[in-house]
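These notes concern the structure reproduced below.
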Amino acid sequence: MYKIETSPQKPAAKKLIFAGLLFAFTLIISSIFMILYPFASKEKVSYFKGEHPILFMGKQAGNAYIEGESIYLPLTFLQEFVDEGIILDEHSQSIIIATKNKVVQMPLESLSYYVNDKPMKLDFTAAKQIGKDRYLAIEPLLAFYPITYSILSDTGAIWVHKDGESMVSGKVKEKDIHEELLRLRTKDSLESPYTASVSPNEEVLVEQEKGDYYFIRKEDGTAGYLKKQYIKKGENKQIAISLEESAYTVPELEGPIQLTWEAVYTKNPNTSKIPKMPGINVISPTWFELADGKGSIKNLGSKEYSMWARKQGYQIWGLFSNAFDPDLTHEAFGSFESRKNMIRQLMHFSQMYELNGVNLDIENVNPEDGPLITQFAREATPYFHEAGLVVSMDITFISSSGNWSAFY
């Protein structure tokens, strides 16, 4: 008969089992923790790129140039975000701005610029060329566009604001929060790199909302995502910028415009033979025609005809045409100086014949030259309105013909 003997387990074996259970428990808890609360990234990245970054509408939009105390914005930035009509005139090497009431010429590398032909002196150049890039000083622009700016401390960013822009204030909560949770992330995740950190009670701006996160901006312009639970959202404020605009009075008409053209090819008609024209309130004689590529204008105006029209109670809108010549149009409308030459002559003629308005009849234009006609109208209108003239333009019906329709 066999004898079965039992002996108690060794203490070392019990410790080994307990350690294994503890490891397994720790592993399970760690896994759950990793799933629910991943480790925050400790990688820090720069929010801005390059020197003097431009901050506009919640993102970096290029880089400014600073010379002394003068701040310059790239022409490309201004064309994209402020006014697509700002152009570079290659012939005069000037930047041309045409607003509702002003035509501004800023010659490159000059201490003077011109507003409606009146010279303005500066202690710095209004427009600069650096390499292939052109820049405009921001200070003169504040008189022409509803924008403002500030230079941000620490980062040196140029923060440009426009009229009507809304901003929502916010404040970091007071409670004790781990520093990793107060870092502004590049994405709505703790695992993404961060650009900056905020502190309890810090004033911030709330720009976007994404899931459980706000996109937060600090006073120095840096920004990133932060959990909503750490931010107290504040008021919505709107930026209001008003410009001083000149008010010009132009002749008004009662009721609809009812216009007829007086076709003048060589000489004006005998007014005594013109019959009554019931309903007509505007008459537009075809007096002015483009004569050459430098912008000279052929004039067939008549003071006698003008006096007769006024006695009939008609407004007189002198017609100016491009002679319906696409090559002549390309040459004459292609430079700021030749456009200005045409405008000056039309201003002179309007005073000579006591006109009430100018009627632009630009036809047969190469499609690629359409923007030149637009620019002429933008540059001419402030001068004509300042002189008390109505500005009108004749537009053809829509057709498949580029030169007669599509260029508009």
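These numbers come from the heavy atoms of this one structure, side chains and all, not from hydrogens, waters or symmetry mates.
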When you compare the side chains of [X] and [Y], does any donor N or O come within less than 3.5 Å of an acceptor on the partner?
X      : Y      : answer
Asn63  : His52  : no
Asn364 : Asp325 : no
Trp261 : Asp361 : no
Thr125 : Tyr72  : yes

For the [atom1] atom of [X] and the [atom2] atom of [Y], what is their distance to the nearest 0.5 Å?
X      : Y      : atom1 : atom2 : value
Lys294 : Ser335 : NZ    : OG    : 11.0 Å
Phe407 : Ser401 : CZ    : OG    : 10.0 Å
Ile87  : Arg378 : CD1   : CZ    : 8.5 Å
Tyr194 : Leu226 : OH    : CG    : 13.5 Å
Leu355 : Leu319 : CG    : CG    : 11.0 Å
Lys171 : Lys232 : NZ    : NZ    : 7.5 Å

Lys/Arg N to Asp/Glu carboxylate O, [X] vs [Y], below 4.0 Å:
X      : Y      : answer
Glu203 : Lys218 : no
Glu191 : Arg185 : no
Asp117 : Arg344 : yes
Glu109 : Lys128 : yes
Asp188 : Lys228 : no
Lys340 : Glu379 : no

Would you say [X] and [Y] make side-chain contact, with heavy atoms under 4.5 Å?
X      : Y      : result
Leu122 : Tyr113 : yes
Glu179 : Arg183 : yes
Met167 : Asn236 : no
Ile95  : Pro107 : no
Ser405 : Phe397 : no
Ile216 : Ile231 : yes
Asn403 : Pro367 : yes
Pro140 : Met106 : yes

Side chain [X], main chain [Y], donor-acceptor under 3.5 Å:
X      : Y      : answer
Arg134 : Pro74  : no
Asp163 : Pro146 : no
Glu386 : Tyr383 : no
Asn322 : Ile362 : no
Gln238 : Gly164 : yes
Asn281 : Pro256 : yes
Thr195 : Tyr47  : no
Asp292 : Gly295 : yes
Thr155 : Asp220 : yes
Ser321 : Ala323 : yes

What's the shortest heavy-atom distance between [X] and [Y], and which atoms?
X      : Y      : result
Arg217 : Leu55  : NH1-CD1, 3.6 Å
Ser192 : Ser41  : O-CB, 3.4 Å
Tyr149 : Ile158 : CD1-CG2, 4.2 Å
Val172 : Ser199 : CB-O, 3.2 Å
Ser302 : Asn268 : CB-ND2, 3.3 Å
Ser392 : Trp317 : OG-CE3, 3.5 Å

### Message
Filter on side-chain hydrogen bond (donor to acceptor under 3.5 Å, both in side chains), then keep only pairs touching residues 93-108, sequence neighbours left out; what's left?
### Response
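Listed by first then second residue: Glu90-Gln93, Ser92-Ser94, Ser94-Gln105.
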Taking [atom1] in [X] as the centre, count heavy atoms belonging to other residues, nucleotides or ligands within less than 6.0 Å. Is the count above 12?
X      : atom1 : answer
Ile257 : CD1   : no
Glu368 : CD    : yes
His161 : NE2   : yes
Lys311 : NZ    : no
Met277 : CE    : yes
Gln345 : CD    : yes
Gln208 : CD    : yes
Asn201 : CG    : yes

What about [X] and [Y], are their ring centers closer than 6.0 Å?
X      : Y      : result
Tyr305 : Trp287 : yes
Tyr214 : Tyr225 : no
Phe56  : Phe77  : yes

### Message
Would Leu181 and Lys227 count as a side chain to side chain contact (heavy atoms under 4.5 Å, CB included) here? Give the steps.
### Response
CA-CA 8 Å; Leu181 302 176; Lys227 285 267 191 178; over 6 Å; no
### Message
As a quick check of understanding, evaluate side chain to side chain contact (heavy atoms under 4.5 Å, CB included) for Tyr353 and Lys303, giving each step before the final call.
### Response
CA-CA 6 Å; Tyr353 303 114; Lys303 291 186 178 180; 3.8 Å; yes
#### Entry: salt bridge (charged side-chain N to carboxylate O under 4.0 Å, His left out) partners of residues 261-287, not counting sequence neighbours, each pair once
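Pairs touching residues 261-287 that pass the test: none.
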### Query
After noting the C-alpha distance and the side-chain angles of Val358 and Val391, does the key distance pass the side chain to side chain contact (heavy atoms under 4.5 Å, CB included) rule?
CA-CA 5 Å; Val358 176; Val391 184; 5.6 Å; no
### Query
Where do Phe144 and Val115 land on the side chain to side chain contact (heavy atoms under 4.5 Å, CB included) test, with the steps shown first?
CA-CA 10 Å; Phe144 312 125; Val115 180; 3.9 Å; yes
### Query
Cation-pi between Lys173 and Tyr230: NZ/CZ under 6.0 Å from ring centre and within 45° of the ring axis?
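So Lys173 doesn't make the cation-pi contact.
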